[in-house]
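Residue numbers begin at 1 in each chain, while the letters A, B, ... track the order of the sequences.
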Amino acid sequence: MNAVKPANYAKVKAQELQGKLYLAAKENPKRRFHALYDKIYREDILWEAWRRVKSNKGSGGVDGITIEHIEEVYGAERFVAEIREKLISGTYHPLPARRIEIPKPDGKLRPLGIPPIIDRVVQMATKIVIEPIFETDFKNCSYGFRPKRSQHGAIRHIRREIRKGVCWVVDIDIKGYFDNIQHEKLMKLVEQRINDRRILKLLWKWLKAGFVKEDQFYETELGSPQGSVISPLLSNIYLNYLDTIWENKFTEIGAIVRYADDLVILCKTKEQAMKSIDVLKAVFSKLEIQINTSKSKLINLWDDKIGFDFLGMHHRKIPKQVKGIERYILRSYPSKKAMKKMKEKVKEVTEPRNRLFWTMNKMVEELNPKIQGWRNYYGLDSFADLFLNKIDWYIRKRLMLFWNKKRNRRKKHSNSRLAGIVAQYSGLKKLVG
DNA sequence: TTGTGGGTTAC
RNA sequence: AUUGUAACCCACAA
């Protein structure tokens with residue numbers, strides 16, 4: 001008799017394992033785990049890993065196998081079973097990643113290494129098993145790529161610190177962080193917690209898997225490929241070295257808040273800020289990474305003349321009347337870059353050129369989810385309403401333009417009035433209000 | 001409560 | 001064509 005397994009059986013079992021590993025690691029901070037490899041080929045773990053990779057709907061790797069192909073031709077059951085066999089017999093070997101380059105917001109190119117689906121699944125299984133162990137070591141100041149931690153958490157952390165009287169902010173950009181991670185140093189840090197040789201070997205192989213670009217194979221002797229599943233975790237393990245040193249020795253000179261490779265240090269005095277930069281340089285030289293001096297800044301937050309960008313928001317002290325006295329309060333609102341990006345997205349959707357046959361409803365349908373998303377992200381601070389209002393106004397202006405073009409007429413009525421009517425009858429959402 | 005589908009953000 | 005991790009939101013289905 002077979003007991004019927006619920007649909008989320010694998011998910012629950014994976015969570016159970018993660019909980020156990022988390023507690024075991026927390027209980028003994030020095031413990032090095034050795035029996036982990038047999039966990040990654042557990043059927044429930046592999047199924048959960050496959051489910052997660054599948055739900056990302058990413059494209060195929062260098063072997064050309066796509067998620068669609070596995071599901072509809074090959075069969076997920078067979079795919080997972082074969083991965084399991086390969087892991088058990090030790091015949092699993094990663095393939096090189098497929099290298100592509102995508103444009104970054106600043107116009108430069110970001111190299112991406114896309115591993116084949118099979119490697120993504122094995123990496124995900126490994127991540128499920130080892131992540132809870134490292135989670136116990138990660139510090140409170142680290143927010144990027146971590147479960148249950150968000151950009152909003154990082155921003156709230158900053159706002160909390162600044163309310164304590166911080167005036168000096170060190171804003172650090174690391175030169176090509178992912179691409180400069182040293183394999184040997186990273187693995188030394190991994191080995192502080194893991195001594196399962198088969199797991200370590202897997203991690204080595206993924207780091208050294210290389211990539212293929214235009215049918216040419218390239219080796220990777222440095223860096224962790226952006227696009228692979230474990231890279232974000234590995235990058236946090238690497239920089240946790242900094243977090244740990246900071247928490248043990250330097251909390252007095254400032255508070256560090258980190259989102260992946262983007263970090264700020266919040267200090268009360270200029271001297272502390274300068275000292276922080278020295279400490280960072282010393283730690284970075286040990287990790288063999290470098291500060292991008294042209295993008296890093298030291299900011300004095302004492303008035304409303306200057307602020308800093310972090311996680312898509314601009315943070316600056318703005319005067320506010322509180323019970324008759326003027327006070328400077330930290331405000332967080334969309335950065336110039338973010339404003340530009342939102343306007344561009346709106347323009348893209350409302351471009352009348354090829355959308356003339358669209359109905360107003362269709363356009364609103366397209367716009368509403370975006371508005372919802374922006375609202376959720378930037379609506380953190382009520383001061384941001386000032387800026388979000390501008391975007392609302394811009395959306396209505398663009399919609400007006402579309403409406404007039406469609407009706408093939410020049411504006412006869414007041415734009416703002418018509419825009420109001422248009423919005424009212426079409427169910428367009430607002431960023432503010 | 002769980003499972004789909006759409007979207008935003010960050011890096 | 002565009003990968004990855006994470007958070008959040010909305011809609012739908014039982």
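Residue A:L112 is in base contact, counting any heavy-atom pair closer than 4.0 Å across all strands shown. Residue A:G373 is classed as a sugar-phosphate contact, given heavy-atom separations below 4.0 Å to backbone atoms only. Backbone-only engagement by A:K341 is indicated by non-hydrogen atom pairs under 4.0 Å involving sugar-phosphate atoms exclusively. Contacts of A:S228 with the nucleic acid, taken as non-hydrogen atoms under 4.0 Å apart, involve only primed sugar atoms and P, OP1 or OP2.
Of the possible polar contacts, none joining the A:R98 side chain to the A:I114 backbone as a donor-acceptor pair under 3.5 Å is found. No side-chain donor-acceptor contact under 3.5 Å links A:K188 to the backbone of A:E184. A donor-acceptor pair under 3.5 Å is formed between the side chain of A:T220 and the backbone N or O of A:G210.
Closest to the side chain of A:K11, out of C:U3, B:dG3, B:dA10, is B:dG3. For A:K429, the listed nucleotide lying nearest its side chain is C:C10; candidates were B:dT9, C:C10, C:U5. Of the candidate nucleotides B:dT9, C:A6, C:U5, B:dT9 has the atom lying nearest to any side-chain atom of A:Y377. For A:Q372, the side-chain atoms get nearest to C:C10 when compared with the rest of C:C10, B:dG7, C:G4. Checking C:A6, B:dT9, C:U5 against every side-chain atom of A:Y378, the shortest atom distance belongs to B:dT9. Comparing C:U5, C:U2, B:dT8 against the side chain of A:K370 picks out B:dT8 as the nearest. For A:R120, the side-chain atoms get nearest to C:U3 when compared with the rest of B:dG3, C:A6, C:U3.
In this entry the distance linking CG of A:L234 with P of C:G4 reads 16 Å, nearest Å. Note: CG (A:D179) to P (B:dC11) measures 16 Å, nearest angstrom. A:N56 places its CG atom 15 Å from the P atom of C:U2, with the value rounded to the nearest Å. The distance between atom CG of A:L311 and atom C1' of C:A6, rounded to the nearest whole Å, is 12 Å. C:G4 atom P lies 10 Å from atom CD1 of A:I100, rounded to whole Å. Here C:U5 presents its P atom at 11 Å from CD1 of A:I230, a figure rounded to the nearest Å.
The side chain of A:K345 places an N or O atom within less than 4.0 Å of a non-bridging phosphate oxygen (OP1 or OP2) of B:dT8. Distances shown here put every side-chain N or O of A:N368 at or beyond 4.0 Å from the OP1 or OP2 atom of C:C10. Between A:S59 and the phosphate of C:U3, there is a side-chain N or O to OP1/OP2 separation shorter than 4.0 Å. Look at A:W374 and you won't find any side-chain N or O under 4.0 angstrom from OP1 or OP2 of B:dG7. Remark: A:K57 is not in phosphate contact with B:dT4, judged by side-chain N or O atoms under 4.0 Å from OP1 or OP2.
As rounded to the nearest Å, C:A1 and B:dT8 have C1' atoms that lie 22 Å from one another.
The closest side-chain donor-acceptor pair between A:Y92 and A:D119 falls under 3.5 angstrom. Using modelled atom types and a 3.5 Å distance limit, the side chains of A:H314 and A:K336 yield no donor-acceptor pair. Using modelled atom types and a 3.5 Å distance limit, the side chains of A:N240 and A:R258 yield no donor-acceptor pair.
Only one option out of A:L239, A:V283, A:D261 pairs with A:I289 in a side chain to side chain contact (heavy atoms under 4.5 Å, CB included); it is A:L239.
Proximity of residues 257-264 of chain A to DNA chain B (heavy atom under 4.0 angstrom from any strand atom) is restricted to A:Y259, A:D261, A:D262. Contacts of residues 130-156 of chain A with DNA chain B (heavy atom under 4.0 Å): A:F145, A:Q151.
Every pair tested for salt bridge (Lys or Arg N to Asp or Glu O under 4.0 Å) that includes a residue from residues 359-376 of chain A fails, sequence neighbours excluded, so the list is empty.
Mapping A:M313 and A:S55 onto DNA chain B via the closest heavy atom, the residue that lands nearer the 5' end is A:S55. Of the two residues contacting RNA chain C, namely A:N376 and A:R98, the nearest-nucleotide position lying further toward the 5' end is that of A:R98.
Going from atom CE of A:M339 over to atom NZ of A:K390 covers 5.5 Å, rounded to the nearest 0.5 Å. Rounding to the nearest 0.5 Å places CD1 of A:I199 at 7.5 Å from OH of A:Y37.
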#### Entry: Worked verdict on A:Y218 versus A:F211 for ring pair (Phe, Tyr, Trp, His ring centres under 6.0 Å)
CA-CA 5 Å; A:Y218 298 85; A:F211 60 89; 5.1 Å; yes
